[in-house]
Structures are given as C-alpha cells and as structure tokens.
Amino acid sequence: MKLKSTAASLAVATALSLSAGAANALTVAGVTWDPDSPFDLTAQSSIFQTVAIAAGQSISGYGRFNELNFEDRDIFCPDCELTYHFYDYVLMEDYLPTVGSTFRFSGGKVDVYVSGRNFSATDPASAIDGTLWLSLIGMDIDGDGATLSGSITAVSSLGLGLSGVGEGYLEVVGGAAAPYFDTNGQPDPVNGPADLLYTSSFQPSRTPIVGPDGVTYTHFGTAEISGNTVPEPGALALLGLGLAGLGVMRRAKKAA
C-alpha cells in the first residue's frame, strides 16, 4: 500500500510536470510566445525616429515588432500587431556630427501597444493605438545618468545625414504583459538589474515622415529587445515535484 501511495504521488508530480511542458506558451491580449524558447526573449522591429546633436534636445520614434523569438508576426500575433512609441530621451551633451562621435541620452519612455493590423510606416499615430501591452522606462546602468548611448558610424548629405548605433536598458513599469517581463534578467552593476536590453541601428531617410503633432521623423532603421520572460510552466513543474517529495517524506516518517 505504501509503495502504491508513493507511486501515486510521483505519478501526480509527473502529470503536473508534463502538463507544464505542454502548456508552455503564454498568451496576453492576443500575443503568444514561448517563455521556454531558447531565444526567449528576442524581439526585432522596424524603427522610424528623430535625431539630436545639441544638449537638451530630445528624440522620439515609433515602429512595429516583426519577430518575437524568431517567429514572424503571423505566428505570434496572427490577428493583431505589436507597435511601440519611444520618447523623452534627452541628449546629455553636444557632439560633433562626425564618424566616431559618441552620444548619451537620459530619461526615456517606451510604450508598447497591441491592436488590430492598421500600422502604417508613414502614419506615426498608427503606432500608439490599441491596448497598452508594456510600459517601459530607460534605466541608468552605470550611475552616470545615461539610459541610452551609442556612436555615429557614417555621415551623409541627407538632412543631418547621421547613421549610427545605440544601446540602453529598460525597466518594466506597467502594461498588460508586465508580470511576465518584470524579471530583472539584465545585469546592472550600479542600480540593480534591469528587465530588457535595447539595441538599434539607424540611417537617414530619403523621405522624412511628418507626424500629426508636427514632429518630423528623419531616420529609419531596426531595433531589438532582449531579456527573459517568466517561465510559469517551469514553476508549476517544480511545484509538482515538491508535492511528490513531501509525500515521500511523510511516508518515510510513518515507516520509521
């Protein structure tokens, strides 16, 4: 009888573990992804943005996520789309618009929305409708006030003519998917771990886009976000194994 009870406990634990593995996909407001994917979390997007060269100027931009964990949007969001808007990044110092110049920004906010498929690259307003999926703020990882930094890689005659790369860290502060992304998965030696790493590359556009608020987006490019989402099924599996362990221990005590 004791062996049967122990076997039953292990069977329940195994069932919980298998259920967890089978239910590894998470869906929030129509967006589905696998937190156990070896690529979790990796997201690629298009980006349209402004640039700044004088201290005190701010940059903003918008875009759409086209891949999530290397699955295209027809898979992770078949009836919807993820778009975003970033703003309030303020340039900390002047820099020369020459190759090799570096820049640093403070502050910064990023809002991610899920909505129907109505995004248009030429309409910035189409990136800020729908349900707020994630709300993020820039995080200072070095204690110097900078939340976004980068360098100029090329200069052309188009407008400001700047091409470059940027990198920064983000902290989750709200949105429907916040509980799954607030994981502190990115190391931060000064202010504690951040949630996400943001990287981007940009270049001048031949056709600037003017938004309804009068802001002119002169550059385009790509941006990536990486981090780690909460693997809830794994926690469920551990719970099942823990229950089995408690059952075995109780029966061992009775036998003693």
Return the set of residues passing side chain to side chain donor-acceptor pair (under 3.5 Å) with Tyr89 (not counting sequence neighbours), or none when no residue passes.
none
Taking only residues two or more places apart in sequence or in another chain, which ones pass side chain to side chain donor-acceptor pair (under 3.5 Å) with Asn184?
none
Rounded at 0.5 Å granularity, tell me how far [atom1] in [X] sits from [atom2] in [Y].
X: Arg73; Y: Glu67; atom1: CZ; atom2: CD; result: 11.5 Å
X: Leu26; Y: Asp34; atom1: CG; atom2: CG; result: 8.0 Å
X: Thr27; Y: Tyr180; atom1: OG1; atom2: OH; result: 9.0 Å
X: His85; Y: Asp111; atom1: NE2; atom2: CG; result: 7.5 Å
X: Thr218; Y: Gln49; atom1: OG1; atom2: CD; result: 7.5 Å

[Y] side chain reached by [X] side chain, heavy atoms, under 4.5 Å:
X: Gln186; Y: Ser226; result: yes
X: Thr199; Y: Val165; result: no
X: Leu170; Y: Ile137; result: no
X: Gln57; Y: Ile59; result: no
X: Ile225; Y: Val110; result: no
X: Phe76; Y: Leu82; result: yes
X: Asp182; Y: Val173; result: no

Let me check something: do [X] and [Y] share a hydrophobic cluster, defined by ILVMFWY side-chain heavy atoms less than 4.5 Å apart, either directly or through other members?
X: Ile152; Y: Ile53; value: yes
X: Met92; Y: Met139; value: no
X: Phe202; Y: Val90; value: no
X: Tyr95; Y: Leu148; value: yes
X: Val114; Y: Ile75; value: no

What are the two closest non-hydrogen atoms of [X] and [Y], and how far apart are they?
X: Val172; Y: Ala178; answer: CG1-CB, 3.6 Å
X: Phe103; Y: Ser151; answer: CE2-N, 3.4 Å
X: Ser58; Y: Ala52; answer: O-CB, 4.5 Å
X: Glu171; Y: Ala194; answer: OE1-CA, 3.6 Å
X: Leu162; Y: Pro97; answer: CD2-CB, 3.6 Å
X: Ser115; Y: Asp129; answer: OG-OD1, 3.5 Å

Is it true that a side-chain atom of [X] and a backbone atom of [Y] form a donor plus acceptor pair closer than 3.5 Å?
X: Asn24; Y: Asp36; value: no
X: Asn69; Y: Thr42; value: yes
X: Thr83; Y: Ala127; value: yes
X: Thr183; Y: Asn228; value: yes
X: Thr50; Y: Ser60; value: yes

Going through the distances and angles, do Val155 and Val99 end up as a side-chain contact (heavy atoms from CB on, under 4.5 Å)?
CA-CA 7 Å; Val155 179; Val99 174; 4.3 Å; yes
Do the rings of Tyr84 and Phe86 sit parallel, tilted or perpendicular, given the 30° and 60° boundaries?
parallel
Please work out which of the three classes, parallel, tilted or perpendicular, describes the rings of Phe70 and Phe39, given edges at 30° and 60°.
perpendicular
Just checking, any donor-acceptor pair under 3.5 angstrom between side chains of Thr222 and Ser201?
yes
Taking atom types as modelled, is there a side-chain donor on Asp40 or Thr229 under 3.5 Å from an acceptor on the other?
yes
The test is side-chain hydrogen bond (donor to acceptor under 3.5 Å, both in side chains); show your working for Ser120 and Thr122 and say whether it passes.
CA-CA 5 Å; Ser120 171; Thr122 58; 3.1 Å; yes
Would you mind listing every disulfide bond (SG atoms under 2.5 Å apart) that reaches into residues 49-119, with sequence neighbours excluded?
Cys77-Cys80
For Val215, the rest of its hydrophobic cluster, which grows through side-chain links under 4.5 angstrom
Phe48, Tyr62, Phe119, Ile209, Tyr217, Phe220
Co-members of Leu132 in a cluster of I, L, V, M, F, W and Y side chains, linked at under 4.5 Å:
Tyr113, Ile128
Taking only Lys NZ, Arg NE, NH1 and NH2, and the carboxylate oxygens of Asp or Glu, determine whether Arg104 and Asp140 approach each other closer than 4.0 Å.
no
Exceeds 12 heavy-atom contacts within 6.0 angstrom, atom CG of Asp79:
no
Tell me, with the steps shown, if Glu224 and Leu197 meet side-chain contact (heavy atoms from CB on, under 4.5 Å).
CA-CA 8 Å; Glu224 302 78 33; Leu197 170 66; over 6 Å; no
For Phe181, which residues count as a ring pair (Phe, Tyr, Trp, His ring centres under 6.0 Å) partner, sequence neighbours excluded?
Trp33, Trp133
